[in-house]
Number of protein chains: 2
Amino acid sequence: MFDDSARGKTLSSALILLTEKGFHSVSIHDIRKHANVSTGAIYHHFSNKDEIAKTLFTEVLSHITEKMDDILLEQPTTFDRIQAVYQMAAQMVNEKPELTRFIIKQAHREFLPDEKPLCVSEPFLRMKTIVQHGIKKGDIAPMDIWVALSLTFGSLLRLIEYQLDGVLENTADTYIDELLQHAWKSIAQED
Amino acid sequence: MFDDSARGKTLSSALILLTEKGFHSVSIHDIRKHANVSTGAIYHHFSNKDEIAKTLFTEVLSHITEKMDDILLEQPTTFDRIQAVYQMAAQMVNEKPELTRFIIKQAHREFLPDEKPLCVSEPFLRMKTIVQHGIKKGDIAPMDIWVALSLTFGSLLRLIEYQLDGVLENTADTYIDELLQHAWKSIAQED
DNA sequence: GTCTATACCTGGATAGAC
DNA sequence: GTCTATCCAGGTATAGAC
């Protein structure tokens, strides 16, 4: 995910430690030790501890935003767009569970108090766009946008949390077809 | 919620401060000041800071569990049970937003590392029971239990988070009828 | 049971050599 | 750009009077 420089190693280690223990339970010294760099090197690249977490958060978010934009470009129909988001999410939680946990489970308010809530971050605004277009085109039944958003992606996020909590027997991607099929029924325009 | 003893005042203040700022951003001194009690009084009733949060968490959870049990007793049909949960949740997020945030948004792993994940706590197991009974009785279409759970309550939890994040124009209870109506379509056994 | 005063330590951040 | 050594603030927890 990150390169082998002091900066990259710091971010990689911070990601692992932060998702494992949480922001306030990880000290600079912990990161220093895990990344095998010195305190001085860390403070050369980051002005303080907050900035490490903030950098991590924004870099990961913008990475996801790019993927969302690809989906919007490549998939023309509402259903296919939603399906692509489901697949991307399932893949992400399988391949990078710590990173996924960092994004959706961290209490950002605690260490990024000036950050906007996750639900108005760029990737989530892309989801809103998908649903709004779906309603406008008549693919999705007319309803309140927040209700439609909850129905479209709420169950997906829930399933992801189940996987992160370790209660699922199989990986998330084995459930998403069934999940999407049913979730679509709740929002689809009947004709 | 809690009585006027030093213990009660400590818990009330801790609840407010913890949900506002998060566990590690609130010091014992902050709680002491807000509750208008002394450090000594706090340490007389609680062995350490963790135990304050833990007490709060378990007392609130068992309170919700009781309400869930009432629902299971009073409501015989699957739909009515789910509807009652939706109404209870909407009422809770309206009347006690800080408390709701404390339960569903806190990174418990950070200060309660030995606590089970929320999704296998008592109240959430009651939700699982509701859905399992629904499938067995034929009210809910046969499907994987975790998929069914995600579909039934995922969108509700999402809507609650929207309200907590302050993006909704109205309170959650104005949306839940529409939400439930659609969510039910995704799981209902068709005949 | 409740108070004040304080001991002790963790951990963020800096200084200055190389 | 990276290192080691160190400073110092903030915060948990305790001691001991009342």
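Order of the sequence lines sets the chain letters (A, B, ...), proteins ahead of strands, with each chain counted from 1.
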**Fill in**
Closest to the side chain of Ala6(B), out of dT2(D), dT4(C), dT2(C), is dT2(C)

**Asked** Under 4.0 Å: is that the gap between some side-chain N or O of Ser38(B) and OP1 or OP2 of dC3(C)?
**Response** yes

**Prompt:** So, Arg7(B) and Glu59(B), do they make that salt bridge, N to O below 4.0 Å?
**Reply:** yes

**Prompt:** Just how far, in rounded Å, is P of dG1(C) from CZ of Arg7(B)?
**Reply:** 11 Å

**Message:** Less than 4.0 angstrom from a charged side-chain N to a carboxylate O is my criterion; do Asp69(B) and Arg126(B) meet it?
**Reply:** yes

**Request:** Can you figure out which of dA13(C), dC3(C), dT2(D) approaches the side chain of Tyr43(A) most closely?
**Result:** dA13(C)

**Asked** Under the 6.0 Å and 45° cation-pi test, does Lys49(B) pair with Phe23(B)?
**Response** yes

**Item:** DNA chain D contacts made by residues 25-32 of chain B, counting heavy atoms under 4.0 Å
**Value:** Val26(B), Ser27(B), Ile28(B)

**Message:** Can you classify the ring geometry of Phe57(A) versus Phe102(A) as parallel (below 30°), tilted (30 to 60°) or perpendicular (above 60°)?
**Reply:** perpendicular

**Prompt:** What are the residues of residues 45-56 of chain B, sorted by number, that bring a heavy atom to within less than 4.0 Å of DNA chain D?
**Reply:** Asn48(B), Lys49(B)

**Fill in**
Testing dT12(D), dC3(C), dA5(C) for proximity to the side chain of Thr39(B), the answer is dA5(C)

**Complete:** To the nearest angstrom, the CG-C1' distance between Asp4(B) and dG1(C) comes to 15 Å

**Glu74(A) with Lys67(A): basic N within carboxylate O range, under 4.0 Å** = no

**Under-4.0 Å salt bridge between Glu161(A) and Arg158(A)** = yes

**Message:** Between Glu51(B) and Lys54(B), does any NZ, NE, NH1 or NH2 come within less than 4.0 Å of an OD or OE carboxylate oxygen?
**Reply:** no

**Asked** What is the bend of the helix from dG1(C)-dC18(D) to dC18(C)-dG1(D) when you compare the axis at one end with the axis at the other, using five pairs each and rounding to 10°?
**Response** 0°

**Request:** Verify the distance criterion only: is there a donor paired with an acceptor across the side chains of Gln83(B) and Asp177(B) at less than 3.5 Å?
**Result:** no

**Request:** Tell me which of Gly40(A) and Phe23(A) sits closer to the 5' end of DNA chain C, going by the nucleotide each one is nearest to.
**Result:** Phe23(A)

**Message:** Whether the His182(B) and Ser186(A) side chains hold a donor-acceptor pair (N or O, under 3.5 Å, no angle test) is what I'd like checked.
**Reply:** no

**Gln163(B)-Asn94(B) side chain donor-acceptor pair, cut-off 3.5 Å** = yes

**Request:** Verify the ring-centre separation between Trp146(B) and Tyr175(A): is it less than 6.0 angstrom?
**Result:** no

**Prompt:** Can you check the His24(A) NE2 to dG10(D) C1' distance for me, whole Å?
**Reply:** 14 Å

**Request:** State whether His44(A) places a side-chain N or O below 4.0 Å from either non-bridging phosphate oxygen (OP1 or OP2) of dG1(D).
**Result:** yes

**Item:** Whole angstrom value for the distance that separates P of dT14(C) from CD1 of Ile42(A)
**Value:** 14 Å

